[in-house]
Amino acid sequence: MTQVKICGLKYRPDIEVAVANGAVMIGFVFAPSKRQVTPDQARILAQGIPDSVKKVGVFVNEKPAEINRIAAMVPLDIVQCHGQETAVDLAEIEHPTIKAFQVKDGKVNGDLTAFPDSLILLDAPIAGLGKTFDWQAIVNSELPKERLIIAGGLNIDNVTAAIEQFQPFAVDVSSGVETNGTKDLEKIITFIQKAKES
């Protein structure tokens with residue numbers, strides 16, 4: 001079954017609903033964003049999340065030493081890198097990693113094979129805007145499905161189609177479960193239900 005990651009969480013009720021309905025990854029954004037949280041805020045929000053739910057920290061071009069410091073403080077289970085990080089950078093991170101790649105003009109912007117030990121996340125050219133990338137342009141046979149996370153513009157209306165297209169390890173949503181820029185509990189519940197039923 002495809003797993004669900006709810007990202008960009010800032011408030012406890014949103015986390016509780018996501019966990020109660022079956023999300024297996026909870027994302028905290030530490031990079032500059034309207035969804036950004038501080039390490040202290042994430043540490044408080046992380047309290048009470050069951051061990052079966054992985055706490056993921058999202059970073060962009062942060063130094064590995066600082067990532068490790070924050071990951072130990074929260075604590076995080078997985079580190080997600082969304083910038084120009086290299087395989088050498090990820091090797092210095094003391095937690096399992098997700099490496100994000102943008103899909104632009106029908107091509108993955110980077111070499112997936114350079115990160116054989118990381119989960120691979122495919123995202124839209126500009127993250128966080130609720131836009132999908134061109135699903136049809138990606139050749140499924142070249143994707144490591146057992147490590148693949150699909151993100152970028154997913155919502156309650158297209159998550160089923162995304163899972164049917166890619167059969168990924170997980171789907172990742174943030175703006176797609178928001179209303180007017182705020183997490184919408186009903187959309188979180190519906191998104192998880194649709195992903196589970198796919």
Side-chain angles (χ1 to χ4, degrees), residues 1-37 42 45-46 49-50 52-60 76-82 97-104 108 118-135 138 143 145 147-198:
M1 184 191 301
T2 297
Q3 309 295 317
V4 177
K5 174 172 173 273
I6 307 292
C7 200
L9 291 164
K10 297 174 66 174
Y11 303 106
R12 186 166 299 281
D14 303 338
I15 293 171
E16 290 174 349
V17 165
V19 169
N21 284 276
V24 299
M25 288 182 275
I26 297 296
F28 299 119
V29 177
F30 296 103
S33 161
K34 65 182 180 181
R35 302 176 185 92
Q36 183 177 15
V37 293
L45 289 169
I49 294 177
S52 59
V53 177
K54 302 303 180 187
K55 301 177 291 294
V56 182
V58 180
F59 299 87
V60 177
L76 299 173
D77 300 300
I78 301 172
V79 168
Q80 180 172 321
C81 294
H82 251 277
T97 54
I98 299 169
K99 182 67 181 84
F101 294 86
Q102 295 173 335
V103 180
K104 188 174 182 180
V108 177
S118 300
L119 294 173
I120 298 297
L121 183 145
L122 298 186
D123 204 351
I126 302 176
L129 296 185
K131 304 284 188 183
T132 61
F133 60 86
D134 184 355
W135 296 351
I138 301 300
L143 299 175
K145 291 183 180 180
R147 296 188 288 125
L148 183 65
I149 302 174
I150 297 297
L154 296 186
N155 55 49
I156 60 176
D157 296 319
N158 64 13
V159 63
T160 300
I163 292 172
E164 289 174 353
Q165 166 90 8
F166 294 102
Q167 294 109 46
F169 166 71
V171 287
D172 185 350
V173 67
S174 185
S175 62
V177 290
E178 293 177 352
T179 299
N180 298 324
T182 301
K183 289 292 186 287
D184 183 316
L185 299 183
E186 287 301 319
K187 286 183 179 178
I188 290 174
I189 293 168
T190 302
F191 185 93
I192 297 170
Q193 286 176 341
K194 289 198 170 188
K196 283 181 169 184
E197 290 167 0
S198 296

Examine Lys99 relative to Phe101 and say whether NZ or CZ is less than 6.0 Å from the centre of the six-membered ring and inside a 45° cone about the ring axis.
-> yes

Which side-chain hydrogen bond (donor to acceptor under 3.5 Å, both in side chains) pairs, counting each pair once, include a residue from residues 8-27, with sequence neighbours left out?
-> none

With the side chain counted from C-beta on, respond yes when Ile138 and Val103 share a heavy-atom pair under 4.5 Å apart, and no when they do not.
-> yes

May I have the list of side-chain donor-acceptor pairs in residues 184-193 shorter than 3.5 Å, sequence neighbours left out?
unit_1 : atom_1 : unit_2 : atom_2 : d
Asp184 : OD1    : Glu186 : N      : 3.0
Asp184 : OD1    : Lys187 : N      : 3.2
Asp184 : OD2    : Thr179 : OG1    : 2.6
Lys187 : NZ     : Glu178 : O      : 3.0
Lys187 : NZ     : Thr179 : OG1    : 3.1
Thr190 : OG1    : Glu186 : O      : 2.9

Test side-chain contact (heavy atoms from CB on, under 4.5 Å) on Trp135 and Asn158 and set out the steps.
-> CA-CA 11 Å; Trp135 296 351; Asn158 64 13; 4.1 Å; yes

Heavy-atom side-chain proximity of Leu45 to Ile15 below 4.5 angstrom | yes

For residues Arg35 and Ser174, is any side-chain donor paired with an opposing acceptor at under 3.5 Å?
-> yes

Of all heavy-atom pairs linking Ala124 and Gln102, the shortest is O-CG, 3.6 Å

Compare all side-chain heavy atoms of Ile98 with those of Ser118 and state whether any distance is below 4.5 angstrom.
-> no

Check: Leu148 and Ile150 side chains under 4.5 Å, non-hydrogen atoms | yes

Determine the minimum heavy-atom distance between Val53 and Met25, stating which atoms define it.
-> CG1-N, 4.2 Å

What is the minimum heavy-atom distance between Ile6 and Ala18, and which atoms define it?
-> CG1-CB, 4.0 Å

Is the Phe30 ring parallel, tilted or perpendicular to the Phe59 ring (thresholds 30°, 60°)?
-> parallel

Thr2 vs Gln167 side-chain heavy atoms within contact, under 4.5 Å | no

Mind checking whether Phe28 and Val56 have side chains closer than 4.5 Å, heavy atoms only?
-> no

Using the side-chain contact (heavy atoms from CB on, under 4.5 Å) rule, take Thr160 and Glu197 through it: C-alpha gap first, then chi angles, then the decisive distance, then the call.
-> CA-CA 8 Å; Thr160 300; Glu197 290 167 0; over 6 Å; no

Quick one: do Ile26 and Val19 satisfy side-chain contact (heavy atoms from CB on, under 4.5 Å)? Show the steps, please.
-> CA-CA 8 Å; Ile26 297 296; Val19 169; 4.2 Å; yes

Let me see the working for Val29 and Val37 under side-chain contact (heavy atoms from CB on, under 4.5 Å), right down to the final yes or no.
-> CA-CA 6 Å; Val29 177; Val37 293; 5.8 Å; no

Nearest-0.5 Å distance, OG1 of residue Thr97 to CG of residue Leu121 | 12.0 Å

Going by heavy atoms in the side chains, are Asp157 and Asn155 under 4.5 Å from each other?
-> yes

Residues Asp172 and Leu154: closest non-hydrogen pair is O-CD1, 3.8 Å

How far apart are the closest heavy atoms of Val171 and Pro168, and which atoms are they?
-> CG1-CG, 4.1 Å

At what distance, to the nearest 0.5 angstrom, does CG of Leu122 lie from OG1 of Thr132?
-> 12.5 Å

Which heavy atom in His82 sits nearest to a heavy atom in Asp123, and how many Å separate them?
-> CE1-OD2, 3.2 Å

For Lys5 and Gln80, test the side chains for any donor-to-acceptor distance below 3.5 angstrom and give the result as yes or no.
-> yes

Taking the side chain as every heavy atom from C-beta outward, state whether Phe166 and Ile149 have any pair of such atoms under 4.5 Å apart.
-> no

